[in-house]
Amino acid sequence: MVKTRFAPSPTGFLHLGNARTAIFSYLFAKHHGGKLVLRIEDTDRERSKKEYEEALIEDLRWLGIEWDEFYRQSERFDIYKQYVQKLLDSGHAYECFCTPEELEKERQEAQRKGIAYRYSGKCRNLSKEEVEKLKSQGRPFAIRFRVPDGKDIVFNDLVKGPIRINADDFGDFVIVRSDGTPTYNFVVVVDDALMGITHVVRGEDHIPNTPKQILIYEALGFKVPEFAHLPVILGPDRSKLSKRHGAVSVRNYRQEGILPEALFNYLCLLGWTPPNDKEILSKEELIDLFDLKDVNSAPAVFNREKLLWMNGVYIREVLSVEELAERIEPFLKEAGYEFDRDYLIKVLDLARDSFETLKEAPSKLEPFFVDDFPLSEELLKKLSDLGAQEILKVVSQEIEKTSPSNPEEVKALAKNVQKALGVKPKNIWQSLRLAMTGKLEGVGIDVLLSVLPKDRVLYRINRVLSALEGAKA
RNA sequence: GCCCCCGUCGUCUAGCCUGGCCUAGGACGCCGGCCUUUCACGCCGGAAACGCGGGUUCAAAUCCCGCCGGGGGUGCCA
């Protein structure tokens, strides 16, 4: 059975790149009827924070990613210890007493000479006695993996194809820090092996780590899994997408009013194309269609515009009005609007195509919720220039009489008034627009008048009318 | 520096493996038009790309080599 894993470290909010990795891991597993493991990689005690772990989980859930198993590496130190011992016993690993200062010196030396830095191997061949002696002196030590000289390590990456790296390109690397905690390259292997991960899906920044890990798999006698390295997501300047490019966490987009379905769908299109031309796809369709072998091996630039467009598609075409109402309510309440669910649904049914993020809904939908917008001098001036006084009086009489309840009836009403008064349609509509919303742009007035309760329509008209009276006097 | 990955419209990409069907297709964005009570939405149309240079071949975006360009890694971070 296929089993993938998503293994974030809790050092910040869920990054878009990681979110996409999580999505691809999830889709691949589900496509093959397999399982997804969520594993929190918190071996770095310095930087790992519980709050971030909680945020990670919340954002993953919000995105719609479901996992079948959950682990936390900090709770597995005992397990790692056993495997370190195995490596020590078999001679695949050894104690290294070099201090950070010494290593730093070696590194600088290498840089000065312009050669690639590798650990010198100073402690590689310490005798058992020497090791014991240093240990008894209380000297801190790390444990390094003994990398075989000159070995070519080859693996067939599911998205990149065959990759060959020579072991001489990296020296003996640390698997246990001097404080006793194991490092990433080591625990990742033990965990992936023990958890039965069949396909390791992760960012391509892990390619250089892969040969090291393969060496550990082999030293421990574990079966080496398949690897799939996803190209990174780039910012507009084609460098790795990071904070300096602006909003890069899932949380940011959630707050911006992006729908999880849209973000999920959009992220899939970064590096992967559906077999047909259809781009708007549900999670189920994506599970059905997705395959790692179709993932593009070139990095992709994140395109905010397209995400926004896609979010708009979800708002106006994909979600049901009921679903949309549910999602949008918090944003409207946040803006201080009062309404009930039925009213909101009526509003959304006719006006959902006027905004593309949930966050902009309050301002775009304001006319449906706010009666007492400010009546400025400028506004009253515009109204009187349009001859609004007369128009509004007649309109309000008509509304009183016919109570239009759909856009067509409103249009008919406007036409009647226009005929009766002999004014241009534009004057009718603009007068109404200014009187109802205070602005010259926005949602269709026919739409507004068909959902706004009659008493509120009349209230707004009368308020403008009396302001107009007052201005004249 | 060294190692690895990558290179089709501004952006995401299809095509590349299995050369001719490519006058290089789609999407976002952009431009123009239509619709219209405004802004949007919607509809119609348009501009826009095979990084460069060599080969191989009757034929190359597709195969080979070199160059250039971009990205990632180079940690007792993950």
Side-chain angles (χ1 to χ4, degrees), chain A residues 7-11 18 41-44 46-48 73 96 98-100 103-104 107 110-111 113-119 140-144 157 159-161 163-166 168-171 173-179 181-185 187-188 202-211 229 231-232 234 236-240 266 269-280 296-310 312 316-317 351-356 364 410-411 414 424-433 437 439-446:
Chain A
S9 51
T11 54
N18 290 138
E41 308 228 320
D42 54 355
T43 55
D44 182 350
E46 299 282 304
R47 301 196 301 149
S48 299
Q73 286 185 329
C96 170
C98 294
T99 64
L103 296 172
E104 185 53 33
R107 204 168 287 128
Q111 197 168 20
K113 289 183 185 160
I115 53 173
Y117 170 74
R118 286 173 47 199
Y119 172 59
F141 62 92
I143 296 174
R144 285 182 186 270
D157 193 278
V159 339
K160 300 279 185 181
I163 295 178
R164 173 188 304 268
I165 295 175
N166 194 281
D168 284 349
D169 294 338
F170 50 90
F173 55 93
V174 171
I175 58 173
V176 179
R177 301 182 185 90
S178 47
D179 68 357
T181 57
T183 62
Y184 167 75
N185 275 122
V187 296
V188 75
R202 68 212 329 186
E204 71 176 335
D205 42 338
H206 284 289
I207 291 179
N209 288 325
T210 308
H229 288 97
V232 291
L234 270 25
D237 63 353
R238 301 202 73 90
S239 69
K240 195 173 178 180
Y266 174 71
L269 264 33
L270 242 35
W272 176 79
T273 319
N276 44 47
D277 278 342
K278 204 179 159 216
E279 289 190 319
I280 304 295
N296 196 158
S297 58
V301 173
F302 178 73
N303 186 204
R304 193 189 155 83
E305 302 300 315
K306 188 155 181 175
L307 202 216
L308 255 26
W309 163 79
M310 188 170 279
R316 74 183 90 94
E317 294 171 23
R352 66 198 295 191
D353 59 0
S354 62
F355 50 93
E356 40 183 30
K364 290 290 165 64
V410 176
K411 278 181 197 156
K424 284 187 226 155
K426 195 171 181 175
N427 288 46
I428 304 270
W429 290 112
Q430 291 201 345
S431 297
L432 224 32
R433 174 172 297 284
T437 75
K439 296 192 188 86
L440 273 176
E441 49 167 56
V443 291
I445 293 306
D446 50 347

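Numbers restart at 1 for each chain; the letters A, B, ... are given by sequence-line order, proteins then strands. These values consider heavy atoms only, across backbone and side chains, with no hydrogens, waters or symmetry-generated copies.
Of the candidates B:rG71, B:rC5, B:rC77, the closest approach to any side-chain atom of A:S239 belongs to B:rG71. Here the side chain of A:V232 is nearest to one of B:rC76, B:rG71, B:rC5, namely B:rG71. In the set B:rC76, B:rC3, B:rC41, the nucleotide with an atom closest to the side chain of A:D169 is B:rC3.
A:E41 comes within 4.0 angstrom of the backbone, heavy atoms only, and of no base. Across all strands, A:S297 comes closer than 4.0 Å only to sugar-phosphate atoms, never to a base (heavy-atom distances). Here A:C98 lies in heavy-atom contact (under 4.0 Å) with a base. Across all strands shown, A:I207 has heavy atoms under 4.0 Å from sugar-phosphate atoms exclusively, and none from any base. Among the protein residues, A:K364 comes within range of no part of the nucleic acid, since none of its heavy atoms lies under 4.0 Å from any strand.
As rounded to the nearest Å, B:rU13 and B:rA48 have C1' atoms that lie 15 Å from one another. Spacing of C1' atoms, B:rG55 relative to B:rA78, comes out at 45 Å, to the nearest Å. Rounded to the nearest Å, the gap between the C1' atom of B:rG54 and that of B:rU18 is 25 Å. The gap from the P atom of B:rC4 to that of B:rA47 amounts to 43 Å, rounded to the nearest Å. B:rC76 and B:rC28: their C1' atoms are spaced 46 Å apart (whole Å). A distance of about 15 Å separates the C1' atoms of B:rA49 and B:rU62, rounded to the whole Å. Rounded to a whole angstrom, the distance from the P atom of B:rC68 to that of B:rG53 is 15 Å. Comparing the same atom, C1', in B:rG19 and in B:rA27 gives a spacing of 28 Å after rounding to whole Å.
Between the CG atom of A:D157 and the C1' atom of B:rG73 there is a distance of 15 Å, given to the nearest Å. Straight-line distance from the CG atom of A:D237 to the P atom of B:rG72: 9 Å, rounded to whole Å. Straight-line distance from the CZ atom of A:R47 to the P atom of B:rA78: 8 Å, rounded to whole Å.
Counting heavy atoms from C-beta outward, A:R304 and A:Y266 have side chains that stay 4.5 Å or more apart.
The aromatic ring of A:W429 is stacked on the base of B:rU37, with the two ring centres less than 5.5 Å apart and the planes inclined by under 30°.
Screening A:Q73, A:H206, A:E41 for a side-chain hydrogen bond (donor to acceptor under 3.5 Å, both in side chains) involving A:Y184 leaves a single residue, A:H206.
Annotation: of the two residues near RNA chain B, A:V159 and A:N166, the 5′-most nearest-nucleotide partner is A:N166. Nucleotides of RNA chain B nearest to A:L440 and A:R316 differ in position, and the one nearer the 5' end is that of A:L440.
At a cut-off of 3.5 Å, with distance as the only test, a side-chain donor of A:S239 or A:D237 sits close to an acceptor on the other residue.
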